[in-house]
Structures are given as C-alpha cells and as structure tokens.
Colleague: 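The following block contains the structure, expressed as structure tokens.
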Amino acid sequence: MSRIQELPIIAIQFYATAPYPCSYLPEQIARSQVATPSHAIGEDVYSNLVNAGFRRSGLFTYRPYCDDCKACIATRIPVQHFEPNRSQRRSWKRHSGLQAQVLSLAHHEEHYRLYQDYQAQRHHGSQMENDNQEQYMQFLLQSRVNSRIVEFRDGPDDPHPGRLRMVSMIDVVEQGISSVYTFYDASMPNSSYGTYSILWQINQVQQLGLPYLYLGYYIAQSPKMAYKAKFAPIEGLIDDQWQLLMPPNLEHD
C-alpha cells in the first residue's frame with residue numbers, strides 16, 4: 001500500500017474556452033478561464049479561487065478571460081463597513097416578514113416552477129428561459145463545495161402564509177459567502193426581492209463574523225449587472241488587486 005507522502009497530488013490546471021457570444025454586451029465575444037479537474041476543487045481551493053475572482057456554475061469554476069474586454073469586474077462587499085441606502089432600508093422593512101429557511105442542495109419541484117416563471121418574466125428570449133429540469137439541476141444543484149439553498153416564504157401575517165417567494169443559492173467559503181444565483185416571484189408589483197436577498201446575505205456574513213459577501217461580476221455597461229455598485233462600499237478585483245470600486249456618476253442616497 002502506498003504511503004500518504006507517495007500518493008499523487010492532483011494539481012489544479014486552467015484552460016481557456018473557445019470564443020462565444022457575450023451574454024451581457026451585444027456585439028462582444030467572450031471567453032472564460034476554467035479551473036480543472038472539478039473533482040479536485042474542494043472547499044479550501046474553491047475559497048482561494050473565489051478570492052481570485054472565480055465563480056461557480058454547477059461543477060464548473062470559471063472567470064472571464066476575454067481577449068479584448070475587461071468589462072467584467074469581480075466584486076465583494078466588506079460587510080462590516082456596509083451602509084444601506086434609503087431604498088435598501090425600505091426593501092429590508094418591506095420584506096422583513098419573509099421567513100428564510102436554509103436547506104441542503106436537493107431538487108424541489110416548487111423551486112423549479114418558480115425558476116421557470118422567473119426566467120419567463122425576467123429573461124424572456126434568453127437561452128435560460130428554456131432550461132429544462134436537467135439543465136436547472138446541473139446549473140444550481142450540482143456542487144462539491146459547501147453550498148446551500150435558502151428559500152424565502154411569506155410569513156404568518158401575510159395574505160398568503162407559506163407561499164414561496166424567492167430562492168437563493170449560496171456557497172459558504174472561508175472568507176464569507178459567495179452569492180451564486182437568486183430567483184424570485186417576478187409577478188409581484190413594487191417588490192424588491194433581489195435587493196432583500198443581498199441584504200439578508202450581508203446580515204448572515206456579519207453574524208458569521210466573516211469579512212466578505214462575494215457578489216459576482218459588475219459590468220458598468222449592463223443594466224443586469226451594474227446594480228451591484230449600489231451596495232456600498234463595494235470592492236472590485238482590478239489588475240489582481242482588490243480595491244474600492246467607484247463607478248462614475250454613482251449616487252449613494
């Protein structure tokens with residue numbers, strides 16, 4: 001039998017994907033850098049990759065690796081210094097009756113139906129609108145790290161007690177939480193579920209006594225991705241250095 005020191009060490013390697021159309025900026029061509037093999041990316045390695053600007057989609061850990069564009073900036077919120085603005089405080093108050101429950105990764109038909117409705121309403125015409133159950137599970141329910149589902153339901157004082165309103169997928173890493181994906185009831189007028197989910201995650205990181213909520217990529221030119229800059233202060237990974245992100249003309253009310 002081999003001794004421990006004689007066992008092979010699996011090294012993490014990186015490869016660049018072939019070019020593909022960018023999902024966020026029309027006319028742009030994107031590439032990604034993928035960490036492999038996926039089975040060797042445990043929680044410690046994954047935490048380091050997240051801090052280096054990587055994200056997770058199912059079993060794939062990646063970051064933008066485009067030839068002629070640097071629009072995607074990895075972001076993180078230093079939660080001890082976070083100060084909600086006026087609209088965020090309203091969102092926290094408006095949805096304070098939601099009841100959150102943290103679950104292990106597993107398929108729930110109710111979650112999948114909400115996901116389908118969300119894609120149809122918020123991302124109509126996109127490739128994700130047609131995700132079948134297998135694609136949904138590959139995207140959100142496959143993980144080799146410390147991943148959790150957080151479901152949010154109406155509380156007992158709401159008109160529809162127990163009704164599912166939102167689901168967030170999160171990864172717990174050494175430095176905090178990495179926010180993977182959130183989908184919610186997009187039919188509700190004047191709701192701000194997405195904002196509330198981020199505020200809830202910030203609060204969780206604070207309770208854990210950890211420093212950061214990793215929020216994914218900020219893209220100034222993309223309305224779908226620029227909202228992250230409203231959570232101030234926020235840091236961006238620029239030239240491999242985390243630094244305060246100061247988008248132009250940003251008003252923090």
Side-chain angles (χ1 to χ4, degrees), residues 7-20 22-24 30-67 69-80 82 102 104-105 128 135 137-150 168-182 197-198 201-202 204-206 208-219 222 224-225 228-229 231 233-245:
L7 296 176
I9 297 175
I10 302 176
I12 302 300
Q13 298 182 345
F14 303 91
Y15 72 88
T17 67
Y20 57 88
C22 179
S23 301
Y24 301 105
R31 296 174 75 195
S32 295
Q33 184 182 49
V34 180
T36 186
S38 61
H39 66 263
I41 302 176
E43 293 180 15
D44 53 345
V45 173
Y46 180 66
S47 292
N48 290 332
L49 289 172
V50 167
N51 205 49
F54 281 77
R55 300 281 291 162
R56 185 179 64 79
S57 176
L59 298 179
F60 293 94
T61 305
Y62 71 95
R63 66 179 176 183
Y65 196 67
C66 303
D67 297 322
C69 180
K70 295 186 180 299
C72 294
I73 300 175
T75 60
R76 69 184 187 186
I77 298 171
V79 299
Q80 296 305 321
F82 172 71
V102 181
S104 299
L105 291 191
M128 295 178 70
Q135 291 170 312
M137 294 177 68
Q138 290 177 348
F139 174 36
L140 294 176
L141 300 182
Q142 292 191 12
S143 172
R144 290 191 174 95
V145 297
N146 188 6
S147 303
R148 296 288 183 268
I149 297 172
V150 187
S168 291
M169 305 292 184
I170 63 173
D171 293 335
V172 181
V173 295
E174 291 179 358
Q175 308 93 335
I177 287 175
S178 177
S179 183
V180 177
Y181 198 73
T182 293
S197 172
I198 294 173
Q201 291 175 49
I202 289 172
Q204 289 299 300
V205 178
Q206 291 171 337
L208 290 171
L210 297 173
Y212 301 113
L213 172 64
Y214 293 87
L215 205 53
Y217 299 116
Y218 165 77
I219 305 175
S222 171
K224 293 181 180 179
M225 305 295 279
K228 297 176 175 70
F231 295 85
I234 191 167
E235 297 176 352
L237 187 62
I238 303 173
D239 296 328
D240 295 323
Q241 297 291 326
W242 287 103
Q243 51 192 282
L244 192 63
L245 186 62

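Because the structure is a prediction, the values reported are computed rather than measured.
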Colleague: Would you check if the side chain of Lys228 reaches a backbone N or O of Tyr217 as a donor-acceptor pair within less than 3.5 Å?
Modeller: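 The answer is yes, because a donor-acceptor pair under 3.5 Å joins these two groups.
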
Colleague: Which is it for Leu245 and Glu235 under the side chain to side chain contact (heavy atoms under 4.5 Å, CB included) test, yes or no, and what are the steps along the way?
Modeller: CA-CA 5 Å; Leu245 186 62; Glu235 297 176 352; 5.9 Å; no

Colleague: Give, for atom OG1 of Thr75 and atom OH of Tyr218, the distance between the pair rounded to the nearest 0.5 Å.
Modeller: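 Interatomic distance, Thr75 OG1 to Tyr218 OH, rounded to 0.5 Å: 10.0 Å.
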
Colleague: Quick check on the 6.0 Å ring-centre criterion: do Phe14 and Phe54 meet it?
Modeller: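 Close enough - the centres of the two rings lie under 6.0 Å apart.
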
Colleague: Keeping Ser47 on the side-chain end and Glu174 on the backbone end, is there a donor-acceptor pair under 3.5 Å?
Modeller: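 At least one qualifying donor-acceptor pair exists.
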
Colleague: Is a donor on one side and an acceptor on the other found under 3.5 Å between the side chain of Ser143 and the backbone of Val145?
Modeller: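 The answer is yes, because a donor-acceptor pair under 3.5 Å joins these two groups.
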
Colleague: Roughly how far apart are Arg55 CZ and Tyr62 OH, rounded to 0.5 Å?
Modeller: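 Arg55 CZ to Tyr62 OH: 6.0 Å, rounded to 0.5 Å.
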
Colleague: Using only atom types and a distance under 3.5 Å, with no angle test, would you say the side chain of Gln175 pairs donor to acceptor with the backbone of Leu210?
Modeller: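 No, Gln175 side chain to Leu210 backbone: no donor-acceptor pair under 3.5 Å.
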
Colleague: Which is it for Tyr46 and Thr61 under the side chain to side chain contact (heavy atoms under 4.5 Å, CB included) test, yes or no, and what are the steps along the way?
Modeller: CA-CA 8 Å; Tyr46 180 66; Thr61 305; 4.2 Å; yes

Colleague: Around atom CD of Gln13, are there more than 12 heavy atoms of other residues, nucleotides or ligands at under 6.0 Å?
Modeller: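 Atom CD in Gln13 is not packed in, count stays at 12 or less.
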
Colleague: Can Arg56 and Ser178 be counted as having a side-chain donor-acceptor contact under 3.5 angstrom?
Modeller: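 Judged by distance alone, the side chains do not pair up.
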
Colleague: Quick one: do Met169 and Leu141 satisfy side chain to side chain contact (heavy atoms under 4.5 Å, CB included)? Show the steps, please.
Modeller: CA-CA 9 Å; Met169 305 292 184; Leu141 300 182; 4.0 Å; yes

Colleague: Ignoring hydrogens and geometry beyond distance, is a side-chain donor-acceptor pair present between Ser32 and Tyr20 at under 3.5 Å?
Modeller: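 Present: a donor and an acceptor within the cut-off.
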
Colleague: How long is the span from the CD1 atom in Ile149 to the CD1 atom in Ile170, to the nearest 0.5 Å?
Modeller: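 With rounding to 0.5 Å, CD1 (Ile149) is 10.5 Å from CD1 (Ile170).
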
Colleague: Quick check for you: to the nearest 0.5 Å, what is the distance between Leu213 atom CG and Phe231 atom CZ?
Modeller: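 One finds 9.0 Å between CG of Leu213 and CZ of Phe231.
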
Colleague: I'd like to know if the side chain of Arg31 reaches the main chain of Thr17, judged simply by a donor and an acceptor atom lying under 3.5 Å from each other, with no hydrogens or angles considered.
Modeller: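 Flag set: sc Arg31 to bb Thr17 pair under 3.5 Å.
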
Colleague: Going through the checks in order, is the side chain to side chain contact (heavy atoms under 4.5 Å, CB included) test met by Ile202 and Ile77?
Modeller: CA-CA 8 Å; Ile202 289 172; Ile77 298 171; 3.8 Å; yes

Colleague: Enter the distance from Leu237:CG to Asn51:CG here, rounded to the nearest 0.5 Å.
Modeller: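 Going from the CG atom of Leu237 to the CG atom of Asn51 covers 8.0 Å.
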
Colleague: A side-chain contact here means heavy atoms from C-beta on lying under 4.5 Å apart; do Phe60 and Ser38 qualify?
Modeller: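 A side-chain contact is absent here, since even the closest heavy-atom pair is not under 4.5 Å.
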
Colleague: Does some side-chain heavy atom of Leu244 sit less than 4.5 Å from a side-chain heavy atom of Pro233?
Modeller: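 SC-SC contact between Pro233 and Leu244 confirmed.
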
Colleague: Are the aromatic rings of Phe139 and Tyr181 close, with centres under 6.0 Å apart?
Modeller: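 Ring centres of Tyr181 and Phe139 closer than 6.0 Å.
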
Colleague: I'd like to check Cys72 versus Met225 (side-chain heavy atoms, cut-off strictly below 4.5 Å). Are they in contact?
Modeller: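 No, their side chains stay 4.5 Å or more apart.
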
Colleague: Roughly how far apart are Asp171 CG and Ser147 OG, rounded to 0.5 Å?
Modeller: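 Going from the CG atom of Asp171 to the OG atom of Ser147 covers 3.5 Å.
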
Colleague: Quick one: side chain to side chain contact (heavy atoms under 4.5 Å, CB included) partners of Gln80, sequence neighbours excluded?
Modeller: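 Scan of Gln80 (side chain to side chain contact (heavy atoms under 4.5 Å, CB included), adjacent residues dropped) gives Gln206.
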
